[in-house]
Amino acid sequence: MNDQQTEDAPQGVSEYRAQRMLNMEKLREAGYAPFGGAFHTTGRLSEIRAAFEEDAGVRAAGRLVTIRKMGKSIFADLHDGTDRFQIFVQKNTLGEEAFAAFKLLDVGDLVGVAGELFVTRMGEQTIRIEEWTLLAKSLLPLPEKWHGLKDVDARYRQRYLDLISNEDVREVFLTRIRIIEEIRSFLKGRGFLEVETPMMQQQAGGAAARPFVTRYHALDTDMYLRIAPELYLKRLLVGGFDRVYELNRNFRNEGLDRTHNPEFTMLEIYQAYTDVSGMRELIECLITHVAQEVLGTLVIGEGEDALDLTPPWRSATYRELVCEEMGADWYDQSRETRLTAARERGLDLAEDSSEIGITHEVYEKLIERKLVQPTFVTRLPAELIPLARRSDDDERTVDVFELVIKGQEIAPAYTELNDPLEQRARLESQAGDDAQAVDEEFLTALEHGMPPAGGMGVGVDRLVMLLTGSEAIRDVILFPQLKPR
RNA sequence: GGAGGCGUAGCUCAGUUGGCAGAGCAGCGGACUCUUAAUCCGCGGGUCCAGGGUUCGAGCCCCUGCGCCUCUACCA
């Protein structure tokens with residue numbers, strides 16, 4: 001017994017724990033070792049249910065999540081990660097001693113059982129237990145069975161309790177897992193190779209964000225956790241891997257909120273010999289495929305707020321949307337007129353905001369968040385996106401789209417810039433004010449010739465939020481970042 | 001970083017105008033061999049987030065700190 005832990009625990013908890021320790025000792029004396037080893041089962045609970053046949057003998061293992069004692073018989077529910085299954089324990093079938101020992105079990109204990117299948121009078125499939133064994137004694141109480149665990153802090157810090165007691169939470173994460181499997185399967189079907197590129201980088205490039213810094217002692221140098229894999233994936237395009245993707249974590253040193261976690265999952269896709277329109281077809285197929293396979297529908301939610309993913313999705317240029325919102329003559333107005341108009345619409349803008357800055361604020365605050373149904377916003381101003389190719393017919397814009405769904409940017413895609421000279425100029429002009437250095441090795445790679453390509457980044461957590469109807473990113477990340485205790 | 005809200009039993013939550021700290025679930029004892037939020041009888045359980053202040057008296061009012069939530073800021 002670990003006295004230290006008992007003493008450190010709050011008074012109330014230790015009483016519950018002491019009671020369970022006592023039950024554990026009584027079980028030990030009755031010949032039930034409190035922490036058992038492997039237990040051979042005839043299948044997981046979902047499999048046992050699928051192959052249900054009255055009077056068939058089965059062996060199952062799981063956690064007791066409820067126990068209903070009725071004198072000389074007991075009903076309990078066993079939970080194993082695939083299903084919940086009722087078990088029935090009778091004094092007659094089990095014998096005096098094994099039945100008495102069973103009564104010492106607590107909610108939360110892990111047990112292995114063997115018995116025969118039957119259907120109760122109420123019609124529930126049940127295992128009548130003939131033998132049982134203790135697999136792990138639970139020393140701490142589970143959250144309340146009816147209301148579940150509500151305390152948000154505890155839900156994230158002790159996600160295992162959240163998963164045990166809140167079925168809908170389990171369901172969201174199972175859906176997330178299936179979504180990611182379907183993304184991989186879809187991309188494999190189109191000939192893409194999944195690759196892994198450095199998470200620790202000497203320069204954090206491919207996006208504009210503050211990186212996390214760490215120390216590499218062997219080289220006596222600072223390293224950065226990547227903010228994007230983009231520049232390495234493009235090196236692979238140069239190297240002849242002409243359809244690649246990476247589905248993994250990025251790290252950005254930013255605040256925490258409903259839609260931001262400092263480490264988040266990004267899908268970046270690059271395909272040679274296509275362009276932004278190829279990416280458009282790709283993402284529309286990818287998302288509708290995933291929704292259809294995982295959810296079985298393209299309509300999410302009900303009524304006015306329902307999200308309809310049925311293609312084709314709306315497409316509108318950035319300029320059209322801005323004019324629609326602020327008037328057709330917006331781009332003819334002076335900077336001062338635009339500033340005044342934007343402020344009248346409630347935007348908080350600095351006196352020296354640039355024309356592009358004002359317009360972009362209008363886009364982000366007044367337009368983007370109103371775009372509920374899937375919308376490709378195209379032809380963004382070149383200044384905003386240094387890694388994209390300029391439009392052939394207008395050098396002020398680049399060949400890109402941002403896919404916006406439910407007011408959130410889900411996937412930006414570009415026709416990638418493969419001119420090393422222009423790429424250098426645009427990175428240098430952007431690096432000016434920022435501490436971010438230009439990645440020379442990336443530029444060297446481009447000088448060897450990168451095929452024309454379309455590229456895209458998909459915020460996987462946000463996509464999962466959309467498809468699961470989750471309000472917050474931390475509801476789709478198993479262990480979201482929290483302030484240290 | 002700024003503004004607002006919240007913090008009470010293991011869990012979910014009440015707590016009136018400042019006047020003895022409450023319920024349900026869980027736990028313990030008892031009854032009960034088809035229950036499923038089992039039921040019935042009885043019992044125990046509190047650093048009211050922490051520290052300070054006002055008051056005869058603080059869970060409640062004031063101040064400071066901590067944690068969480070929402071909005072906001074930062075964020076290709």
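Order of the sequence lines sets the chain letters (A, B, ...), proteins ahead of strands, with each chain counted from 1.
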For A:Arg155 and B:G10, what is the distance between atoms CZ and P respectively, to the nearest whole Å? 21 Å
Nearest whole angstrom, please: distance from the P of B:A37 to the NZ of A:Lys69. 18 Å
Give one of base, sugar-phosphate or nothing for A:Gly457, where a contact means two heavy atoms less than 4.0 Å apart. nothing
If you measure from the Lys or Arg side-chain nitrogens to the Asp or Glu carboxylate oxygens, is any gap between A:Glu167 and A:Arg170 under 4.0 Å? yes
Answer with base, sugar-phosphate or nothing: what part of the nucleic acid does A:Gln19 contact at a heavy-atom distance below 4.0 Å? sugar-phosphate
Roughly how far apart are A:Thr415 OG1 and A:Asp275 CG, rounded to 0.5 Å? 4.5 Å
With the side chain defined as heavy atoms from C-beta on, A:Arg121 is closest, among B:U36, B:G45, B:C34, to B:C34
Regarding A:Asn23, tell me which of base, sugar-phosphate or nothing describes its non-hydrogen contacts under 4.0 Å with the strands shown. sugar-phosphate
With distance as the sole criterion, do the side chain of A:His260 and the base of B:C75 form a donor-acceptor contact below 3.5 Å? yes
Using a cut-off of strictly less than 4.0 Å, decide whether A:Lys365 has a side-chain nitrogen or oxygen near OP1 or OP2 of B:A73. yes
Just checking A:Phe118: base, sugar-phosphate only, or nothing, at a heavy-atom cut-off of under 4.0 Å? base
Please determine whether any donor N or O and acceptor N or O are separated by less than 3.5 Å between the side chain of A:Gln86 and the base of B:U35. yes
Base, sugar-phosphate, or nothing for A:Glu409, non-hydrogen atoms under 4.0 angstrom? sugar-phosphate
Counting the atoms with a prime plus P, OP1 and OP2 as sugar-phosphate, which does A:Leu149 contact under 4.0 Å by heavy atoms, base, sugar-phosphate, or nothing? sugar-phosphate
Partner of B:U12 under the Watson-Crick or G-U wobble criteria, both distances under 3.5 Å, comes out as B:A23
Inspect the surroundings of CD in A:Glu471 and state if more than 12 heavy atoms from other residues, nucleotides or ligands are less than 6.0 Å away. no
State whether the distance check finds a donor on one side and an acceptor on the other, under 3.5 Å, for side chain A:Thr66 versus base B:U36. no
Looking for any heavy atom pair under 4.0 Å, which part of the strands does A:Asp151 touch: base, sugar-phosphate only, or nothing? sugar-phosphate
Rounded to the nearest 0.5 Å, how far apart are CE of A:Met199 and CG of A:Leu225? 9.5 Å
Would you please confirm or rule out a distance under 4.0 Å between OP1 or OP2 of B:G27 and any side-chain N or O of A:Arg20? no
Using a cut-off of 4.0 Å on non-hydrogen atoms, how would the nucleic acid contact of A:Arg252 be classed: base, sugar-phosphate, or nothing? nothing
Less than 6.0 angstrom separating the ring centers of A:Tyr363 and A:Tyr318, yes or no? yes
Between C1' on B:G29 and CG on A:Leu104, what's the gap in Å once rounded to a whole number? 14 Å
Nearest listed nucleotide, side chain of A:Arg157, among B:C68, B:C34, B:A76: B:C68
For atom P, what is the distance between B:A21 and B:U39, given to the nearest Å? 31 Å
Remember a base hit wins even if backbone is also touched, and classify A:Arg128 as base, sugar-phosphate or nothing at under 4.0 Å, heavy atoms. base
So A:Asp77, base contact, sugar-phosphate only, or nothing? Heavy-atom distance under 4.0 Å. nothing
Using the C1' atom as the reference point in each nucleotide, state the distance between B:C60 and B:U17 in Å, no decimals. 10 Å
I'd like the C1' distance from B:G18 over to B:C56, given in whole Å. 12 Å
Round to a whole Å and report the spacing from CZ of A:Arg258 to C1' of B:U70. 10 Å
Taking the ring of A:Phe251 and the ring of A:Phe264, is the distance between their centroids below 6.0 Å? no
